[in-house]
Amino acid sequence: MSKPTPLSGFPEYLPAQRMIEQNLIERIRSTFELYGFAPLETRAVEPMDQLLRKGETSKEVYVLRRLQEDPNAEKDDNALGLHFDLTVPFARFVLENSGKLQFPFRRYQIQKVWRGERPQEGRYREFLQADIDVVDRDNLPFHYDTEMPLVVGDALRSLPIPPATILVNNRKVCEGFYRGLGLEDPDEVLRTVDKLDKIGPVKVAELLVARGASAAQAEACLQLAQISTSDASFVDLVRKLGVDNELLTEGLEELARVVETANEHAPGLIRAELKIARGLDYYTGTVYETELQGYERHGSICSGGRYENLASSGNERFPGVGISIGVSRILGLLFGRDALTISRSVPTAVVVALPQEELRGRCDQIARSLRSRRISTEVAPSAAKFGKQIRFAERRGIPYVWFPGADGEPDTIKDIRSGTQVEADAATWEPPAEDRTPLVQGV
RNA sequence: GUGGUCGUAGCUCAGCUGGUAGAGCACCGGGUUGUGGUCCCGGGGGUCGCGGGUUCAAGUCCCGUCGGUCACCCCA
């Protein structure tokens, strides 16, 4: 068998990187719980009709199929697909368990998702998302829309990564504005305007006109899209464009609340950016996007929004709002620039040197004693020369080597970074707090 | 899914218009009968991503494929 090669879009990390990933996940998780979000995990698959319920993303869904399924069977309406986000499975879960949940229900979910897209840096076919959502029965108070950026802001700021800015918009602003202008197809306009950064205002205007807008309408759309403020001053800027529409007014009011709340609790975190659209078509109001300083061109690292109708069946309706941190994207981008480091490639804090194979039992006892105080310890693999045993630790970044004392002498422990070696008792020795676990740092 | 670009030792790369593979670092051993990181000496390691074609001869040309990356699409 020839040497296995990587699978495009399915990244695998070495232990050092996996420890960094786990470190970030843990910080995110604890922030989510700090805000009272309850843990949830849903199965990896959903029935296709659930996944496709909301749109034309079908091409991206990986379908699950048995190798030996009957080729003559009639086409399977219950075919399964891997979920491509965590919001749709969550909506299904809420409907399925609505009788057992208390509302408003807030949960977090940190899981892999799959999309059949062409991979590139920061874009994968299998990747990890850390998602929070709040849903309520019938009506979800708007203040949850203002809470989402605060939670995610705290989570992101707890990570050793560059500063992030949450960009926020509201579908009602755009739709109301376009309708107020007399444009028929707000979704189409939104899609076009969303390309502003990539193709520029001239091309966007051309496209809008090509799709039936007048020059004046196109110009107004562009003016709206170019509004970007860190406070609620965008409201006046929009008003000056002279479009009047009820939905627009409602959207402006909502968006202003999101921005003002963020500025009150987390200055510098948020920016109203009236050109962002978000792809997923189930968003109906607030939409979030997040740029990471220095990595703006690689797209959003954290997105979400308000969905009014995602979870509904019959006369039951559970509107929600949520946002998802793209853990894999953040890692991929930062790893690509060596912008995340870890102090060692293994969890081990102490290697117990082995003087002779016959003393392994004694070394195991030392290790057990250290482990009983939660100090990660391993015993050297063989009774090699001490120089080699020290090198074993050094290559892995392990900070301490423990030397059992020869015939009656006390044990000693050596900090191989400084070279200092002192007497130590396995029953009481403690490492400095910063050496207990590998240290993850941004560069 | 469409198109562009790149792919030589673990890493960074050299290899002229085709003539049967090299450097630095890393790694291993010895100098140093047991405490590393300096220095000296020595060593292992590549079917040049993979497959096919052209040619007397291909890392070097052509095609395909896989992988990385970029653009489109879409999006974490």
Side-chain angles (χ1 to χ4, degrees), chain A residues 1-12 14 28 55-61 83-87 109-132 152 156 164 191 194-195 198-199 276-281 283 287-292 295 297-305 322-333 335-336 338 351 353-357 359 380 382-406 412-422:
Chain A
M1 186 171 136
S2 58
K3 191 175 177 180
T5 53
L7 259 183
S8 184
F10 295 85
E12 292 183 309
L14 293 170
I28 291 168
E56 65 265 51
T57 41
S58 53
K59 283 180 290 186
E60 294 181 2
V61 174
H83 57 225
F84 58 84
D85 71 5
L86 298 176
T87 309
Q109 225 172 308
I110 302 175
Q111 286 180 243
K112 291 277 178 64
V113 306
W114 295 267
R115 289 182 198 174
E117 291 186 284
R118 184 70 126 233
Q120 47 186 266
E121 189 168 37
R123 312 185 55 177
Y124 308 103
R125 290 175 163 165
E126 176 180 71
F127 58 99
L128 191 68
Q129 287 193 321
D131 191 288
I132 51 171
V152 158
L156 293 177
R191 234 168 238 290
D194 193 43
K195 299 182 197 296
K198 286 188 175 171
I199 64 177
I276 70 167
R278 279 300 70 219
L280 292 179
D281 40 12
Y283 295 129
V287 290
Y288 314 100
E289 207 167 279
T290 307
E291 61 184 30
L292 189 61
Y295 300 84
R297 72 180 200 84
H298 289 98
S300 175
I301 57 152
C302 174
S303 308
I323 187 163
S324 198
I325 300 175
V327 179
S328 298
R329 169 165 292 180
I330 292 173
L331 287 171
L333 296 179
F335 284 159
D338 292 318
V351 170
L354 183 64
Q356 306 153 41
E357 196 52 47
L359 294 176
S382 67
K385 291 203 280 189
F386 282 154
K388 278 194 180 184
Q389 300 197 40
I390 290 172
R391 240 173 38 225
F392 172 92
E394 191 201 6
R395 281 200 315 243
R396 293 165 175 74
I398 299 167
Y400 296 100
V401 176
W402 189 284
F403 292 95
T412 56
I413 187 159
K414 179 183 182 102
D415 180 335
I416 65 173
R417 296 161 299 187
S418 62
T420 57
Q421 189 164 348
V422 295

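Just so it is clear: chains get the letters A, B, ... in the order the sequence lines come, proteins before strands, and each one is counted from 1. All values reported here derive from a predicted model rather than from experimental measurement.
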Quiz prompt | Inter-nucleotide C1' distance (B/G31, B/G67), Å rounded | solution = 44 Å

Quiz item: Are A/K195 and B/C73 close enough that a side-chain N or O sits under 4.0 Å from OP1 or OP2?
Solution: yes

Quiz item: Is a donor-acceptor contact shorter than 3.5 angstrom present between the side chain of A/R118 and the base of B/C72?
Solution: no

Quiz prompt | Base-pairing assignment for B/C72 (Watson-Crick or G-U wobble, both under 3.5 Å) | solution = B/G1

Quiz item: Is A/R391 near enough to B/G29 that one of its side-chain N or O atoms lies under 4.0 angstrom from OP1 or OP2?
Solution: yes

Practice problem: Scan A/G9 against the nucleic acid and name what it touches under 4.0 Å (heavy atoms): base, sugar-phosphate only, or nothing. | Solution: sugar-phosphate

Quiz prompt | A/T420 vs A/T5, nearer the 5' end of RNA chain B by closest nucleotide | solution = A/T420

Quiz item: Between B/G52 and B/C66, how far is it from one C1' atom to the other, in whole Å?
Solution: 14 Å

Quiz item: Rounded to the nearest 0.5 Å, how far does CD of A/Q129 lie from NZ of A/K112?
Solution: 12.0 Å

Quiz prompt | Partner nucleotide of B/U33 by Watson-Crick or wobble geometry (both distances under 3.5 Å) | solution = none

Exercise. Measure across A/E126 and A/W114 and return the closest heavy-atom pair with its distance rounded to 0.1 Å.
Key: OE2-NE1, 2.9 Å

Quiz prompt | Rounded P spacing from B/U47 to B/G59 in Å | solution = 13 Å

Quiz item: Nearest 0.5 Å, what's the CD1-CD1 distance between A/I301 and A/I330?
Solution: 4.0 Å

Quiz item: Mind checking the P distance from B/G36 to B/G24? Whole angstroms is fine.
Solution: 26 Å

Quiz item: When you check the phosphate oxygens OP1 and OP2 of B/C70, does a side-chain N or O of A/Q120 lie under 4.0 Å from one of them?
Solution: yes

Quiz item: When we call it a touch if two heavy atoms are under 4.0 Å apart, what does A/S303 touch: a base, just sugar-phosphate, or nothing?
Solution: sugar-phosphate

Quiz item: Side-chain donor or acceptor of A/Q389 under 3.5 Å from a matching atom on the base of B/U35?
Solution: no

Quiz item: Which is true for A/A353 with a 4.0 Å heavy-atom rule: it touches a base, it touches only sugar-phosphate, or it touches nothing?
Solution: nothing

Exercise. Using a heavy-atom cut-off of under 4.0 Å over every strand shown, decide if A/A384 touches base, sugar-phosphate, or nothing.
Key: base

Practice problem: Report the distance from atom CD1 of A/I416 to atom C1' of B/U35, rounded to the nearest whole Å. | Solution: 11 Å

Quiz item: A/G387 near the nucleic acid: base, sugar-phosphate alone, or nothing, with a heavy-atom cut-off under 4.0 Å?
Solution: sugar-phosphate

Exercise. For B/G36, take OP1 and OP2 only and decide whether either is under 4.0 Å from a side-chain N or O of A/K388.
Key: no

Practice problem: Please work out if A/E117 contacts a base, only the sugar-phosphate, or nothing of the nucleic acid, heavy-atom cut-off 4.0 Å. | Solution: base

Quiz prompt | Of residues 395-403 of chain A, the positions that come close to RNA chain B - non-hydrogen atoms, cut-off under 4.0 Å | solution = A/R395, A/F403

